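Presented below is the structure to which this report refers.
Quantities reported herein were computed from a predicted structural model and do not represent experimental measurements.
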Amino acid sequence: MSPRRTDAGGRIDRLRTIRFTFDGAPYTGHAGDTLASALMANGVTLFGRSFKYHRPRGVLTSGVEEPNALVTVLRGEVREPNIAATMVEIHDGLTAVSQNRFPTLAWDVSAANQLGGKLLSAGFYYKTFMGPAIGPLKSTRFWMFCEHFIRRAAGLGRAGIAADTARYERMNAFCDVLVVGSGPAGLMAARAAADQGARVILSELEPHFGGSANWSGETIDGMPAADWAARAAGQLEGYDNVRLLPRTTVWGCYDGNVLAALERVADHKERPGKGEPRHRYWIIRAKSVLLATGAFERPLVFPGNDRPGVMLAHAAERYANEYGVLPGNRIALFTNNDSAYRSALALKKAGAAIVAIVDVRPELSSEMRELADEAEAKILFGHAVVATEGGRALSGVKVQRFDMVNGALAGEARSIQADCLLMSGGWSPTIHLASQAGAKAEWNAARQAFLPPKPTQQGPTQRWIGAGAFTGSFSTAEAIAEGRAAGLSAAGGTGAPTALPPVEAAPGDPDPAPVFEIRADGKSFVDFQHDVTAEDVRLAHREGFISVEHLKRYTTLGMATDQGKSSNIPGLAIMAEALGKPIPEVGTTRFRPPFSAVSIGSLAAERFGDLRPERLTPMHDWHVANGATMYSAGLWYRPMIYGHPGETIEQAYVREARATRESAGIVDVSTLGKIAVQGPDAAEFLDRVYTNMFSTLAVGKARYGLMLREDGLAFDDGTTWRLGEQDFLMTTTTANAGKVMQHLEYFLDVIWPELKVHVTSVTDEWAGAAIGGPKARAILAACVTGTAVDNAALPFMGIVHGKISGVPVMICRLSFSGEMAFEVYSGAGYGIHIWEALIEAGKPFGLVTYGLEALGTMRIEKGHVTGAEIDGRTTARDLHLDWMLSRKKPFIGSAMMDREGLIAPGRLELVGLISLDNQPLNGGAHIVEAPDEANPHDSIGHITACCYSPAVGKYIALALVKDGKARRGTRAHISDPLRNRFGPVEIVSNHFFDPDGSRMHG
C-alpha cells in the first residue's frame, strides 16, 4: 500500500497499475490518477521551487489553477515545460521532471535567494536599470552587470530545441448552445437545451464529466453525486444533437460568439492512435453560450502559507474522494467560511485525523459545530494561523487569538502538530470568459467576490448566460435549478415545470468572513508562483503603483502561468486596505485569453512545422498540375512561370508576355485583397478614404483609387466597384490587403464611429482570373452567357453579371497589363471550373497562361506602380498620380500631403530606365550621374523593378530618381557594386508601352 493511498474509495481503477518516473525515480499509480495525486500517494511532498526565492513548494490545488506543482513532461527529445502536475494524467512510460532547480529539487543552490530579503522585493529588476551607484557600477552599468544573472534566472521550465513530432488538428464547429463546464449546472443546462431540439456542445476541461459532483460526496436523486453525473453524461451521449468534448478547455471568447477551445486528445496516452492528433484546436461559433465554469477556492495570506503540506481545503477533499489519496495523516484546517467543515468531515471519513479547525470567526452555527464534532475536530474559533513549521514538509502550525474586526492578534501563540494544513479563504467565480466577452465584473459584498453582471444588465448585445457557482450560487441544489433554467433560456424555450432531482448535502453558509490576510512576522505569500508577498503589494502602494493594472505589472501579481486564478482577490484586498478604499473602488484587472496555456502546435494545427502559414488560391492544384513554377508572394503561393522544357525563367516570361500582347493571356488574381464596404454611409466613407471621389460612381461601374496615410504618403492603390447604392467591393494590392483592412477598421471604430458602414474581408470568398490581350473579348464572348460583353454592354471600368459553364460570374473590364483586359470573379469553390472553362474557350484564339514574372513585365512596360514604388516614402506626386488628388473634399492624408518636405524640389520621382549596354538590370541598384567603380558614391536614386521587355526589345526598369521628371531624355549610370554591375542607362518616361492607352480602351 502506498504511504498516502486510502484503503478504498476514489474513482481510480485500482486493478490497473501505471508505471512512470519523476526526476528519474520510478513510481506507480493507478489509471485515473493525475501526476499530482499519484506522487502524493507515494508520499511525495516537494514538487517544485518558486520563481524568485526558490522556496520549496508542494501541491496547492487539484486543477488548472495550480501555481506550484509545475513540471516538464518529456516525450523522447521533446520537452514541454510548465505543465501543472494536477492536469497531467499518468500513463505507462510517462516521464516528468521538476524544474527551476539545480542540481536537484531537494538541494537547490538558488535557494540562497531567500537570503536576499528586500533586495529582491517587488520591482527589483526595474530598479537595477537606475542604479544604485556601487563604485564604477553607476546607473546603467549596474544593470549591465546584473542583466546576465537576471536573464539566466528568468523563466521556470526550460524549453527544448528538438522538433515536435506530434500531429495537431483544427476543427470548426457550429452549435445553437455551447455549454462550458459540466458540473451539475452544466449537465442540467445541456439536457434542458438538448430537449428543446437545440444543437448542443458540452465542453469539460477535466477527463470526466460531472465537475464537483465527482468529489463532493453529496447525494443527487437518491444516488452518489458522481454516479448521477455519470448517468447524466451517458444520457447526453445518446442524443444526436449533442456533442461531448471532455479534456477540452474553452480558453478564449471573441466577437460574434466565436470561442476557442483546446482538446487534449492524446496527452493521457502512451502513444496516440493511428492518425490521432495530440491536440485539437476547436473554433466554435455558437448562437448562445452558457457558462457553468464554477469557482476557484482562495487561499488565505499568512506567514508560511507556502510551505509544502499547505493546500486548499477543497483540493484535499477532492484528492480523498476522487483519487483515494490523503494529503496528510494529521490534518489541521484554517478557514473563514463554512465550506472547510465539509472538507474536514470528508477527510475524516477517508481515514485522516482532524487535529483542529482554526476559524477566524468568533461564532459558528450549530450545523458547523455538529460537522466538527462528527469529524472529531477541535474548533479554535476566533483564532488564526500565524506561522507554519517544518522544512520541505509541514510538521506543525502556530495559532493565536485573532480579532476579525481590527485584525489584531492577542495572547500567546500555541503550536499544533500537523503534517497538512488546509486553508479556505472563500470562493471566486470563474468569470474569465465573461470578462473576455466584455462583461464588467460586479463586487458582491456577501460573497466577498467579483461576480458577472446579471444578463439583463448587458442589454441587447448579451450573448451568454450563466449558472451555478459561476453566478455565485454555490449550492448544488441552486446549480441544478439555475442550470435547467439557463439551458431553456439559451435554447429559446420555456419548458413545462418539472421536478428537479433532490440533493442531500452538508449544510453551510457560502458567505466568508471578510478576512484575507493575517498580519504577523514572516513572509506571507499572495502569488505563490512569482513569490509576491503581502509586503510587496504594500511596497507598490508606497511607491505610487496604486492602479490595479500597475500593481499587477510592478509586482508581477497574477502574471504567472496560473494568471492570478487564486491570488487575484487577496492581492486586491491588501491593496484596498492600503488605499483605505473598499475593494470595488480599487477594481479588478480584466481577464484576457487564453484562460490556460495553449500549445502553439495546436494553433498552427495542420500547418504545424511551417515558419508561416501558406495561402493557396482556389486554382493552386491546377497550376501545379500544369507545370507552373510556384513561389511565395507574401503569404500566397503563386505561379512564377509556366515553363517549357529547357526554358530559362527569362525566356519563359518573355514568351508569356509576348503571347499575351499578340493574342491573349490569363492569370490568377485571386490573391488581390477584396473588402466588402456596405451601408448607408459607404460612399461617404470611401470619399474620405480615397484621394479621389467615389460617391459619384455609378452602380455597375468601377474606379481606380489611391489611398494616403495620415502623414500624406502613398499607402495603397486599387479599384473599387459599385455593386449597389450601398454596396461596394474594394480591391487592394495582394501584399497590403491586411493593412488596408486594419486601416479601414481603425477609422470606422475610432475616428468616425458615427458612420453606418460595415467592412468585411471577402478575399477568400472569390476566385479571380484576369484575361487580357487583343483577343480577350472574343474569348469571353465564346463562353459567357446571360450578358453581352461588347463595348456597349461592357465599357472600360464597366461591370456585368453573367454565367460561364453554368456558374454565376461577375466581370469587370479593367487592365493592369495595358491590354484590353477583364477580371472574372466567381465563388471560390468554382475557381478551377471557371478557370478551365476560360482556357478551353481560349484555345482557338491562342490563349496562354502566364505567371507573376510576365505580369510584372507587362505592368513595368505600362508604368503601373505596386508596393515596390509605394514603399512608404513616396507621395502621389512622386508617382505622377497627383491627378487623383481631389481638391473638392478632404480625405485621409489631405491635411499633410502639402507639407514642405513632401513638395520640395529634389524628391525621388518615378521614371523609366532603358539599359544602353543591353545587359540585365537589378532591382535595388543605385543610379549615379557619373560612374566610379572604385568608390561608388552620389546616388540619385534606385531601381524598383526591372525586366526584359518583349514590347521594347530591351532591358528596362522603373526607378525612383531625384527630380526624375526633369531628367527624362538624359543619361545616367547603374552602380551596383555588390553584384559588380555597372553600365549606362537612359532615363525616360515610366510609360514604355501604349502611353495613350489606345490598346486598353480600344
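Taking the ring centroids of F982 and H973, they lie at or beyond the 6.0 Å cut-off. In this structure, Y830 has its ring center at least 6.0 angstrom away from the ring center of W835.
Without hydrogens or angle criteria, R170 side chain to L603 main chain gives a donor-acceptor distance under 3.5 Å. Looking at D994, its side chain does come within 3.5 Å of a backbone N or O of R999 through a donor-acceptor pair. Of the possible polar contacts, none joining the E614 side chain to the Y637 backbone as a donor-acceptor pair under 3.5 Å is found. Between the H880 side chain and the L910 main chain, a donor and an acceptor come within less than 3.5 Å of each other. With hydrogens and angles disregarded, a donor-acceptor distance shorter than 3.5 Å links the side chain of R722 to the backbone of L697. A donor-acceptor distance shorter than 3.5 angstrom exists from the side chain of T874 to the backbone of E869, with no hydrogens or angles considered. At least one donor-acceptor pair under 3.5 Å links the side chain of D963 to the backbone N or O of G906. Looking only at distances, a side-chain donor or acceptor of S670 sits under 3.5 Å from a matching main-chain atom of G768. Using modelled atom types, no side-chain atom of N990 and backbone atom of L958 make a donor-acceptor pair closer than 3.5 Å. Listed for the T731 side chain is no donor-acceptor partner under 3.5 Å among the backbone atoms of G673.
Rounding to the nearest 0.5 Å places CE of M797 at 10.0 Å from CZ of R813. Remark: I771 CD1 to M820 CE distance equals 12.0 Å, nearest 0.5 Å. Here OG1 of T875 is found 8.0 Å from CG of D882. Values are rounded to the nearest 0.5 Å. Taken from CG in D871 to CG in L713, the straight-line distance is 9.0 Å, to the nearest 0.5 Å. Between the CG atom in L852 and the CE atom in M630 there is a gap of 8.5 Å [rounded to 0.5 Å]. Put simply, CG on L916 and CD on Q919 are 12.0 Å apart, with the number rounded to the nearest 0.5 Å.
Put simply, the side chain of I903 does not reach to within 4.5 Å of the side chain of M897, judged on heavy atoms. Between K954 and S915, every side-chain heavy-atom pair lies at or beyond the 4.5 Å cut-off. At a threshold of 4.5 Å between non-hydrogen side-chain atoms, the residues M640 and I649 count as touching. Using a 4.5 Å cut-off on side-chain heavy atoms (C-beta onward), F891 and D687 make no contact. In this structure, the side chains of L672 and Y825 come closer than 4.5 Å at one or more pairs of heavy atoms. The shortest distance between side-chain heavy atoms of E662 and T660 does not fall below 4.5 Å. Between V985 and L921 the shortest side-chain heavy-atom distance falls below 4.5 Å. Taking 4.5 Å as the limit, every side-chain heavy atom of M707 sits out of range of all side-chain heavy atoms of T691.
Y690 and T720 share a donor-acceptor pair across their side chains, judged by distance under 3.5 Å alone. For H833 and S805, the side-chain atoms include at least one donor-acceptor pair closer than 3.5 Å. Using a 3.5 Å distance cut-off with no hydrogens or angles, the side chains of T671 and R638 do pair a donor with an acceptor. Between the side chains of D716 and T732, no donor-acceptor pair of N or O atoms lies under 3.5 Å. Inspection of the H926 and D976 side chains reveals no N or O donor paired with an N or O acceptor under 3.5 Å. Side-chain contact, Y948 with Q651: no donor N or O sits under 3.5 Å from an acceptor N or O. No side-chain donor from either of N626 and Y642 sits under 3.5 Å from a side-chain acceptor of the other.
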Test salt bridge (charged side-chain N to carboxylate O under 4.0 Å, His left out) on E929 and R967 and set out the steps.
CA-CA 11 Å; E929 293 178 312; R967 293 178 184 267; 2.9 Å; yes
Might you work through the side chain to side chain donor-acceptor pair (under 3.5 Å) test for D717 and Y704, ending with a clear yes or no?
CA-CA 7 Å; D717 68 334; Y704 178 58; 2.5 Å; yes
Audit row: D668, T617, side chain to side chain donor-acceptor pair (under 3.5 Å) steps and yes/no:
CA-CA 8 Å; D668 185 352; T617 74; 2.7 Å; yes
Audit row: K803, V807, side chain to side chain contact (heavy atoms under 4.5 Å, CB included) steps and yes/no
CA-CA 5 Å; K803 289 186 178 181; V807 174; over 6 Å; no
Report the C-alpha separation of K674 and E765 in whole Å, then their side-chain angles, then the decisive distance to 0.1 Å, and conclude whether the salt bridge (charged side-chain N to carboxylate O under 4.0 Å, His left out) test is met.
CA-CA 9 Å; K674 293 173 280 292; E765 302 300 318; over 6 Å; no
Yes or no on side chain to side chain contact (heavy atoms under 4.5 Å, CB included) for M730 and F694, after CA distance, side-chain angles and deciding distance?
CA-CA 11 Å; M730 174 188 292; F694 274 81; over 6 Å; no
Test I811 against I799 for side chain to side chain contact (heavy atoms under 4.5 Å, CB included), laying out the working first.
CA-CA 6 Å; I811 305 171; I799 303 167; over 6 Å; no
Using side chain to side chain donor-acceptor pair (under 3.5 Å), reason through S817 and R859 one step at a time and then give a plain yes or no.
CA-CA 5 Å; S817 62; R859 81 95 179 170; over 6 Å; no
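The cationic group of R703 does not satisfy the cation-pi geometry with F728, failing either the under 6.0 Å distance to the six-membered ring centre or the 45° limit from the ring axis.
With salt bridges taken as basic N to acidic carboxylate O contacts below 4.0 Å, one links R661 and E861. A salt bridge is defined here as a Lys NZ or Arg NE, NH1 or NH2 lying under 4.0 Å from an Asp or Glu carboxylate O, and R887 with D898 meets this definition. Under the 4.0 Å criterion applied to side-chain N and carboxylate O atoms, R907 and D878 are assigned as salt-bridge partners. For K775 and E819, the salt-bridge test fails: no basic side-chain N is under 4.0 Å from an acidic carboxylate O.
In terms of heavy-atom proximity, F796 sits nearest to S815 at CE1-N, 4.3 Å. Across all their heavy atoms, C946 and A957 have their closest contact at CB-CB, 3.7 Å. Here the closest heavy-atom approach between residue N692 and residue G705 is recorded as OD1-CA, 3.6 Å. Residue F715 comes nearest to L708 through the heavy atom pair CB-C, 3.8 Å, listed as atom of the first residue, atom of the second, then distance. The heavy-atom pair separating I860 from A945 by the smallest distance is CD1-CB, 3.7 Å. G818 approaches K862 most closely through the heavy-atom pair CA-CD, 3.8 Å.
Between W752 and F685, the ring planes are perpendicular. Angles over 60° get that label, and only those under 30° would be called parallel.
By the 6.0 Å contact criterion, CZ on R873 is open, its count of non-hydrogen atoms from other residues, nucleotides or ligands being 12 or less. The environment of R285 atom CZ is dense: over 12 non-hydrogen atoms of other residues, nucleotides or ligands sit within 6.0 angstrom.
Remark: of the listed residues F816, F993, F992, F816 is the sole one forming a ring-ring contact (aromatic ring centres under 6.0 Å, His included) with H864.
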